[in-house]
Undergrad: 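Below: one structure in structure tokens.
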Amino acid sequence: MLPPPPNRGLFFLVLGSICAALEFVAQANSATDTLNVLLIIVDDLRPSLGCYGDKLVRSPNIDQLASHSLLFQNAFAQAVPPEHCVVCVLGQHCQQAVCAPSRVSFLTGRRPDTTRLYDFNSYWRVHAGNFSTIPQYFKENGYVTMSVGKVFHPGISSNHSDDSPYSWSFPPYHPSSEKYENTKTCRGQDGELHANLLCPVDVEDVPEGTLPDKQSTEQAIQLLKKMKTLARPFFLAVGYHKPHIPFRYPKEFQKLYPLENITLAPDPQVPDGLPPVAYNPWMDIRQREDVQALNISVPYGPIPVDFQRKIRQSYFASVSYVDTQVGSLLSALDDLQLANSTIIAFTSDHGWALGEHGEWAKYSNFDVTTRVPLMFYVPGRTASLPEAGKKLFPYRDPFDSISEPVDPGRQTMDLVELVSLFPTLTGLAGLQVPPRCPIPSFHVELCREGKNLLKHFQSHHLEEDLYLPANPRESVAYSQYPRPADFPQWNSDKPTLRDIKIMGYSIRTIDYRYTVWVGFTPDEFLANFSDIHAGELYFVDSDPLQDHNMYNDSHGEEFLLSLMP
Ligand SMILES: *[C@@H]1O[C@H](CO)[C@@H](O)[C@H](O)[C@H]1NC(C)=O
Ligand SMILES: *[C@@H]1O[C@H](CO)[C@@H](O)[C@H](O)[C@H]1NC(C)=O
Ligand SMILES: *[C@@H]1O[C@H](CO)[C@@H](O)[C@H](O)[C@H]1NC(C)=O
Ligand SMILES: *[C@@H]1O[C@H](CO)[C@@H](O)[C@H](O)[C@H]1NC(C)=O
Ligand SMILES: *[C@@H]1O[C@H](CO)[C@@H](O)[C@H](O)[C@H]1NC(C)=O
Ligand SMILES: *[C@@H]1O[C@H](CO)[C@@H](O)[C@H](O)[C@H]1NC(C)=O
Ligand SMILES: *[C@@H]1O[C@H](CO)[C@@H](O)[C@H](O)[C@H]1NC(C)=O
């Protein structure tokens with residue numbers, strides 16, 4: 001039986017509750033010692049992790065972190081502002097953004113429309129407003145702030161400097177071997193080197209004899225050792241490159257995932273009811289040499305099933321490789337006796353489709369691409385302080401077949417957005433939480449658009465293993481994706497601003513995901529909600545994989561039009 005479709009009342013309830021912005025302000029940590037922050041950002045990691053219930057993926061170190069953390073089961077990236085969304089729904093002028101790199105959004109605590117970062121081609125301080133970032137705020141509050149690996153998106157979007165000197169106390173560190181990531185370093189079946197998608201390597205054979213994420217871990221550990229000798233608190237951000245493509249990882253990790261054990265996505269077909277505008281043709285995958293050789297038809301493919309298994313194998317192997325890096329880093333933190341004074345936040349910038357709906361990569365509004373892992377370890381709060389001589393984060397070897405299962409830790413089902421990282425981290429560290437942003441906020445340097453999630457860390461909530469908020473229906477996550485055309489074409493995945501013709505606005509609640517694809521004029525950033533190109537509606541309970549589009553059956557169009565003035 002089908003649950004009732006969302007009705008107008010519910011829609012208003014949802015928007016109204018967000019706008020009311022009734023927010024709990026938790027007391028700052030009363031501990032006298034200032035807490036350090038270790039922020040770990042993994043590139044393109046969906047929650048395919050043991051701690052998120054994945055039975056295949058080996059991630060013992062991240063699972064161990066989860067066991068001492070509060071884990072958010074329903075965290076989503078790529079948010080757009082609810083306030084502006086009301087304006088948009090009512091058909092008025094608004095500056096909506098597109099696939100803005102999610103990193104600038106969560107690192108500034110502003111939704112993409114405020115950063116006005118529509119592609120990778122501008123620096124927000126010049127283009128939108130001189131917005132403070134999370135590390136900048138910590139730096140201004142006496143912290144030593146450091147960046148290792150991919151934290152800001154490189155290039156113009158962070159002024160070719162990872163936003164230095166504003167965000168960081170020292171110039172950010174980039175691993176020297178990063179420059180080989182997209183070069184021909186993958187040994188093919190012909191014995192030659194190629195720029196492949198699947199790139200398990202013998203680390204001793206690759207240029208410099210190392211990989212970027214290994215170098216980042218080593219650098220981060222060196223910095224922790226230096227910090228140990230300083231009397232100042234630190235904020236260290238470590239950005240891992242994998243499992244972003246190409247899947248270039250130490251080849252032994254393949255052994256964890258024998259091909260015969262790899263299944264296809266549970267729903268590997270393009271669903272009948274999927275509007276063509278919603279489909280992303282995964283062009284970046286097709287451009288790799290090994291995929292080109294498969295001569296896959298554009299735009300729908302499919303990829304031969306054997307190769308689908310290999311992609312999934314390499315994605316999971318890359319996740320386990322990153323897990324070992326996280327394990328080494330946290331074990332070092334423990335050895336330096338910093339685990340009792342350091343908050344650890346772990347997240348990712350996006351999800352990644354692994355063949356679900358016949359799709360690969362990101363570039364869509366489905367849960368598989370917008371949902372991200374998110375967890376916070378707070379010493380003395382989410383876990384008791386480690387006893388002297390005991391380790392909270394001993395390194396766990398994913399190859400160890402008898403590795404003991406870990407306690408799942410505390411979890412919350414509440415729907416949250418990545419833009420809440422800024423207020424939540426500052427609150428957990430006992431700093432003053434930046435004020436909520438006014439509308440518009442282009443001229444306000446320090447404010448936040450996300451929610452402060454501190455209420456989740458109150459002791460009476462943490463006592464419950466699984467916390468379900470009293471009114472889960474009040475939480476909503478917003479995302480959006482631009483398209484250049486109604487049908488998939490060469491630039492559907494990443495249209496530049498001037499090519500955007502259609503915008504897909506998406507709402508995820510605990511019950512459903514609802515997306516409308518509407519006309520968009522890039523010159524004016526104008527979405528026309530009278531010009532509906534297609535709609536999607538998926539119910540979480542009856543269709544968790546989002547394969548049965550109920551938009552037409554629920555009269556979604558009339559439902560939306562009924563909101564027009
Ligand atoms: C932007 O903010 C930074 C950091 O607060 C400040 O140093 C700089 O002067 C500001 N730039 C402008 C143009 O206001
Ligand atoms: C961006 O970097 C350039 C070159 O280093 C520098 O001259 C410029 O001031 C930077 N922009 C801002 C807004 O800081
Ligand atoms: C592969 O699957 C078989 C059968 O379920 C299982 O016994 C084996 O442990 C699996 N191998 C790995 C490496 O997970
Ligand atoms: C929904 O209706 C539109 C317009 O009539 C049609 O083009 C589309 O194929 C329908 N979608 C589904 C899933 O039935
Ligand atoms: C690629 O596929 C197309 C049609 O699917 C076919 O016409 C063409 O010959 C193929 N090319 C190669 C090199 O196999
Ligand atoms: C952390 O543990 C170490 C070693 O037991 C101890 O010296 C230090 O004072 C502790 N720090 C805090 C903030 O409890
Ligand atoms: C919005 O779309 C509707 C329907 O296509 C059209 O009639 C109207 O002119 C459009 N409005 C603007 C401002 O472009």
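Predicted model only: the values in this text are computed from it and were never measured. Worth knowing before you read on, the calculation uses all heavy atoms, side chains too, and leaves out hydrogens, waters and symmetry mates. By convention here, the first residue in the shown sequence is residue 1.
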Undergrad: Would a 4.5 Å heavy-atom cut-off, applied to side chains only, mark Leu39 and Leu421 as touching?
TA: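 Leu39 vs Leu421: side chains touch.
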Undergrad: Do Tyr240 and Thr217 meet the criterion of a side-chain donor-acceptor pair at a distance under 3.5 Å?
TA: yes
Undergrad: Is it the case that the side chains of Thr369 and Ser364 hold a donor-acceptor pair, with the cut-off being a distance below 3.5 Å and no angle test?
TA: yes
Undergrad: Looking only at the side chains, is there a donor atom on one of Arg232 and Asn36 sitting less than 3.5 Å from an acceptor on the other?
TA: no
Undergrad: With respect to Thr347, which candidate in Val42, Leu45, Leu374 satisfies the side-chain contact (heavy atoms from CB on, under 4.5 Å) definition?
TA: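 Of all the options given, the one that passes is Leu374.
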Undergrad: Side chains of Arg248 and Val206: does their closest heavy-atom pair fall under 4.5 Å?
TA: yes
Undergrad: Using every non-hydrogen atom in the two residues, find where Pro60 and Pro398 come nearest and quote the distance to one decimal.
TA: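 Result for this residue pair: CG-CA, 3.7 Å.
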Undergrad: Any ion pair linking Asp44 and Lys362 (charged N to carboxylate O, less than 4.0 Å)?
TA: yes
Undergrad: Could you go step by step and tell me if Trp124 and Phe152 meet the ring-ring contact (aromatic ring centres under 6.0 Å, His included) rule?
TA: CA-CA 12 Å; Trp124 77 91; Phe152 279 98; 5.7 Å; yes
Undergrad: If you apply the rule side-chain contact (heavy atoms from CB on, under 4.5 Å), what do you find for Trp168 with Val151, and how did you get there?
TA: CA-CA 11 Å; Trp168 309 111; Val151 177; 4.0 Å; yes
Undergrad: Ring centres under 6.0 Å, that's the criterion: do Phe247 and Trp352 meet it?
TA: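 Yes, ring centres under 6.0 Å apart.
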Undergrad: Counting neighbours of NZ on Lys226 that are heavy atoms of other residues, nucleotides or ligands and sit closer than 6.0 Å, is the number greater than 12?
TA: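 Open.
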Undergrad: Give a yes or no on whether the backbone of Ala477 and the side-chain of Glu417 come within a donor-acceptor separation of less than 3.5 Å.
TA: no
Undergrad: Please find the pair of heavy atoms, one from Ser167 and one from Pro135, that lie closest to each other, and give the distance.
TA: O-CB, 3.4 Å
Undergrad: Specify the closest pair of heavy atoms between Leu392 and Asp334, including all atoms of both residues, with the distance to one decimal.
TA: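 It is N-OD2, 2.8 Å.
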Undergrad: Would you sort out whether Phe253 and Phe316 count as a ring-ring contact (aromatic ring centres under 6.0 Å, His included), showing the intermediate values?
TA: CA-CA 9 Å; Phe253 285 88; Phe316 300 144; over 10 Å; no
Undergrad: Determine whether a donor-acceptor pair (N or O, by modelled atom type, separation under 3.5 Å) exists between the side chain of Lys494 and the backbone of Met283.
TA: no
Undergrad: Counting N and O atoms only, with roles assigned by atom type, does the side chain of His357 sit under 3.5 Å from a partner on the main chain of Leu545, one being a donor and the other an acceptor?
TA: yes
Undergrad: Taking Lys179 first and then Glu208, would you say they form a salt bridge - that is, a charged N and a carboxylate O separated by under 4.0 Å?
TA: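 Result for this pair is yes, salt bridge flagged.
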Undergrad: Between Leu236 and Leu38, is any pair of side-chain heavy atoms under 4.5 Å apart?
TA: yes
Undergrad: Are Asp284 and Tyr363 close enough, and set up right, to give a side-chain hydrogen bond (donor to acceptor under 3.5 Å, both in side chains), and what steps lead you there?
TA: CA-CA 11 Å; Asp284 54 353; Tyr363 320 122; 2.7 Å; yes
Undergrad: Just by distance, no angles: are the side chains of Gln136 and Glu140 close enough, under 3.5 Å, to form a donor-acceptor pair?
TA: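 Checked: Gln136/Glu140 side chains pair up, N/O donor to acceptor below 3.5 Å.
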Undergrad: Can you check whether Arg288 reaches Cys199 side chain to side chain, under 4.5 Å on heavy atoms?
TA: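 No, side chains not in contact.
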Undergrad: Which distance, rounded to the nearest 0.5 Å, do you find between the CG of Leu418 and the CG of Leu107?
TA: 9.0 Å
Undergrad: Using a 4.5 Å cut-off on heavy atoms from C-beta on, say whether the side chain of Ile134 contacts that of Val37.
TA: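 No, every pair of side-chain atoms sits at 4.5 Å or beyond.
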Undergrad: Quick check: does any side chain N or O of Asp190 sit under 3.5 Å from a backbone N or O of Glu192, one acting as donor and the other as acceptor?
TA: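 Indeed, once roles are kept as given, a pair shorter than 3.5 Å links the two residues.
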Undergrad: Does Gln287 have any side chain to side chain donor-acceptor pair (under 3.5 Å) partners at least two apart in sequence or in another chain, and if so, which?
TA: none
Undergrad: Heavy atoms only: give me the nearest Pro373-Tyr52 pair and the separation to one decimal.
TA: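 Taking Pro373 first and Tyr52 second, the nearest heavy atoms are CA-OH, 3.4 Å.
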Undergrad: Side-chain contact test, heavy atoms from C-beta onward, threshold under 4.5 Å: evaluate it for Ser348 versus Arg46 and give yes or no.
TA: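 No; the side chains remain at least 4.5 Å from each other.
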Undergrad: When rounded to the nearest 0.5 angstrom, what is the spacing between CD in Gln308 and OG1 in Thr263?
TA: 10.5 Å
Undergrad: Below 4.5 Å, heavy atoms only, C-beta onward: do Leu330 and Phe346 meet side chain to side chain?
TA: no
Undergrad: Should the pair Asp43-Arg103 be classified as a salt bridge under the 4.0 Å nitrogen-to-oxygen rule?
TA: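 Salt bridge flag = yes for Arg103 with Asp43.
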Undergrad: Before giving the answer on side-chain hydrogen bond (donor to acceptor under 3.5 Å, both in side chains), spell out for Gln325 and Ser216 the whole-Å C-alpha distance, their side-chain angles and the decisive distance to 0.1 Å.
TA: CA-CA 9 Å; Gln325 299 308 306; Ser216 290; over 6 Å; no
Undergrad: With rounding to the nearest 0.5 angstrom, report the CH2 to CZ distance, Trp360 to Arg286.
TA: 11.5 Å
Undergrad: Given the rule in the side-chain contact (heavy atoms from CB on, under 4.5 Å) test, do Phe106 and Val372 qualify, once you have shown the distances and angles that lead to the verdict?
TA: CA-CA 13 Å; Phe106 71 74; Val372 291; over 6 Å; no
Undergrad: Between His174 and Asp162, do the side chains contain a donor N or O and an acceptor N or O under 3.5 Å apart?
TA: yes
Undergrad: Does Arg483 reach the main-chain N or O of Ser492 with its side chain, forming a donor-acceptor pair under 3.5 Å?
TA: yes
Undergrad: Quick one: closest heavy-atom pair of Ala339 and Pro379, and the distance?
TA: O-CB, 3.8 Å
Undergrad: On a heavy-atom basis, which atom in Gly191 and which in Arg187 lie closest, and how many Å separate them?
TA: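 Looks like O-NH1, 2.9 Å.
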Undergrad: Just checking, is any N or O donor in the side chain of Thr370 or Ser479 under 3.5 Å from an acceptor N or O on the other one?
TA: no
Undergrad: Can Glu445 and Arg125 be counted as an ion pair, charged N to O under 4.0 angstrom?
TA: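 No, this pair does not count.
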Undergrad: Kindly indicate whether a cation-pi arrangement holds for Arg110 with Phe131, taking the cut-offs as under 6.0 Å to the six-membered ring centre and within 45° of the axis.
TA: yes
Undergrad: For Pro484, does its backbone N or O pair with a side-chain atom of Asn491 as donor and acceptor, under 3.5 Å?
TA: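 No, because the side chain of Asn491 does not come within donor-acceptor range (under 3.5 Å) of the backbone of Pro484.
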Undergrad: If I take atom CG from residue Leu338 and atom CG from residue Leu333, how far apart are they, to the nearest 0.5 angstrom?
TA: 5.0 Å
Undergrad: Over 60° means perpendicular and under 30° means parallel, so tell me whether Phe72 and Phe376 are parallel, tilted or perpendicular.
TA: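 Judged by the thresholds at 30° and 60°, the geometry between Phe72 and Phe376 is perpendicular.
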Undergrad: Under the criterion side-chain contact (heavy atoms from CB on, under 4.5 Å), I'd like the reasoning laid out for His153 against Val104: C-alpha separation, chi angles, the key distance, then a yes or no.
TA: CA-CA 8 Å; His153 198 277; Val104 169; 5.6 Å; no
Undergrad: In Å, rounded to the nearest 0.5 Å, how long is the span from OG1 of Thr382 to CZ of Arg410?
TA: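 It is 7.5 Å, given to the nearest 0.5 Å.
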Undergrad: For the residue pair Ser48 and Tyr315, confirm or rule out a side-chain donor-acceptor distance under 3.5 Å.
TA: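 Tyr315 and Ser48 do not have a side-chain donor-acceptor pair below 3.5 Å.
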Undergrad: Please tell me whether Phe138 and Phe235 form a close aromatic pair, meaning their ring centres lie under 6.0 Å apart.
TA: yes
Undergrad: Rounded to the nearest 0.5 Å, what's the gap from OG on Ser157 to OH on Tyr123? Could you check?
TA: 10.0 Å
Undergrad: Using modelled atom types and a 3.5 Å cut-off, is there a donor and acceptor pairing between side-chain atoms of Ser67 and backbone atoms of Gln64?
TA: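 Yes: the side chain of Ser67 pairs with the backbone of Gln64.
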Undergrad: So, Lys150 and Glu181, do they make that salt bridge, N to O below 4.0 Å?
TA: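 Salt bridge absent between Lys150 and Glu181.
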Undergrad: For Thr424 and Leu453, indicate whether the former's side chain and the latter's backbone hold a donor-acceptor pair under 3.5 Å.
TA: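 Present.
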Undergrad: Could you tell me if the side chain of Thr342 sits less than 4.5 Å from the side chain of Tyr377, heavy atoms only?
TA: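 Tyr377 does not reach Thr342 side chain to side chain.
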Undergrad: Check step by step if side-chain contact (heavy atoms from CB on, under 4.5 Å) holds for Arg58 and Phe399.
TA: CA-CA 8 Å; Arg58 301 257 190 133; Phe399 292 92; over 6 Å; no
